[in-house]
Amino acid sequence: MPYPVVPPLGTSGLRARPVRSAGLAGFPASLGSMPGSDGARTYEIRTYGCQMNMHDSERLAGLLDAAGYRKAGTGTQPDVVVFNTCAVRENADNRLYGNLGHLLPVKNARPGMQIAVGGCLAQKDRALITEKAPWVDVVFGTHNIGSLPALLDRSRSQRRAQVEIAESLERFPSVLPARRESPYSAWVAISVGCNNTCTFCIVPSLRGREEDRRPGDILAEIRALVADGVLEVTLLGQNVNSYGVSFGDRQAFGKLLRACGEIEGLERVRFTSPHPKDFTDDVIAAMAQTPNVMRQLHMPLQSGSNAVLRAMRRAYRRDSYLAILDKVRAAIPGAAITTDIIVGFPGETEQDFADTLDIVRRARFAGAFTFQYSIRPGTPAATMDGQVPAEVVAERYSRLVALADAIALEENQALVGRQVEVLVADGEGRKNEATHRLSGRARDNRLVHFSPVSPAPRPGDIVITTVTTAAPHYLIADGPALAVRPTRGGDAWAAGTATVPDEPGKPILLGMPTLSRV
Ligand code: SF4
């Protein structure tokens, strides 16, 4: 799994995009009425971090819905604010306590308001959170998602904070209800936890050892999603290539991909994140031979130096990484390959960094998520000798970004004049209001901004168009569309745009699963 866990699907595929920050700004100046118009208590979930956290937030929302809560409308104040935190991002704890501080006067002015903190930072800091911010009502760990409604009830009735942190998973979160963010594109967790010990990563100590879902459960969930209009699924795990280790089938991931290929109506299958150490030929064959598995691969490199990979405890080397790319490209011509790279890991020399630049040149990534190393308390790397000065890290980082962007631009320019099939998305194009273009993802996950089509396709519909211009992080298609295909995904999106009674004009569900507030 990538280092600071910024999701490939939720970005332009190339650079880290900040997750929307939480804070007082989301609240109106006046303190309005608390419950929704039907008297139900309302909630807002603020999500930080990776796709796994965003998917967990869908579960939290589903649980709160099932318990009778209502999602707070835009511009209204929620009765319950849930922080689903990430411990991987830099200064995550400062940011959390800052946001909790901002909420204190709001809570003081609103008797009955509750604040809950869950996710990786809750698992790490536990009761420290209620010591530092005694106005927090509930703290729940990464294995305690299902307990949130009961903990909120208990804290209300007992009038004191509830802290529940389990050390291991009792039931897989996928058995919990979910409020899905997108009606046409869905995340499906296949495993949680990780058995690796990358020295920069705190995930194993917070999410525990890998637990795999049974294939039958996963496929049943995907079939149900497809029946509801979903066209695209992204299989999620900290290390999808080791899927099956907990039930003794080393080839389970390839088999799962092939089984996804049998699901009628499922048009696009993606997965994240693979680990080069466990990437086997049967998975490449399954990717190549299963038409609905997309021609893309996001495979974290982290460093191009063998010495640094060793220090990171990443059990592959530069040659084996490149060999996987060769095999993928031989089996899947034109596959778009993206990666994650950390610059300035402790002990990284100029030669180590030159090795990273060299591998970037050879691998010809379609995009790279690039990160400057900084200390994450609680990880082995935090106390390693040879911490690289920040200014050196920053200078190397700028060289890496320049190279990665130049290569991505060349790769994208090679697509000018080619036809692309775009799954129209809501909320992918930040400049669309000004340019009037629509946006979506090509089959290889490249972001495409295209000229308006009449009648306008809905998010979830498919448009075939021709690439006219390339930029490092996206493609533009300014010619006329060659075809527009209304889909069940578009129907599902249209059905979801029915208005919420206390939120006139606002759709129930919005866009690709990249929103950080549920
Ligand atoms: Fe990914 Fe696991 Fe390594 Fe963390 S320890 S970076 S989750 S493989």
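In listed order, ligands and their atoms are each counted from 1. Because the structure is predicted, anything quoted here is derived from the model rather than measured. We use all heavy atoms of the structure for the numbers below, so side chains are in, but hydrogens, waters and symmetry mates are not.
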### Query
Under 6.0 Å from the six-membered ring centre of Y97 and within 45° of its axis: does the NZ or CZ of K132 meet both?
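Yes, cation above the ring, under 6.0 Å and within 45°.
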### Task
Salt-bridge test for R258 and E262: reply yes if a basic N is under 4.0 Å from a carboxylate O, no otherwise.
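Salt bridge between R258 and E262, a charged N being under 4.0 Å from a carboxylate O: no.
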### Message
Check R46 with E44, please: is the shortest side-chain N to carboxylate O separation under 4.0 Å?
### Response
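Salt bridge present between E44 and R46.
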### Query
Hey, is V203 touching ligand 1 through its side chain, its backbone, both or neither, going by heavy atoms under 4.0 Å?
side chain
### Task
Between C198 and ligand 1, find which residue part has any heavy-atom pair under 4.0 Å and reply side chain, backbone, both or neither.
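The answer is both.
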Check whether the side chains of [X] and [Y] place a donor and an acceptor atom closer than 3.5 Å, and report yes or no.
X	Y	result
E210	S242	yes
N84	S57	yes
S439	E428	no

### Message
So for R314, does at least one of its heavy atoms come nearer than 4.0 angstrom to any atom of ligand 1?
### Response
yes
### Query
Got a sec: is C194 within less than 2.8 Å of atom 3 (Fe) of ligand 1 via an N/O/S atom?
no
List ligand 1 atoms under 4.0 Å from [X], heavy atoms only on the residue side.
X	value
H275	8 (S)
C201	4 (Fe), 5 (S), 6 (S), 7 (S)
P204	5 (S)

### Task
Measure from atom 8 (S) of ligand 1 to every heavy atom in N196, T197, I342 and give the option owning the shortest one.
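Among N196, T197, I342, the closest heavy atom to atom 8 (S) of ligand 1 belongs to N196.
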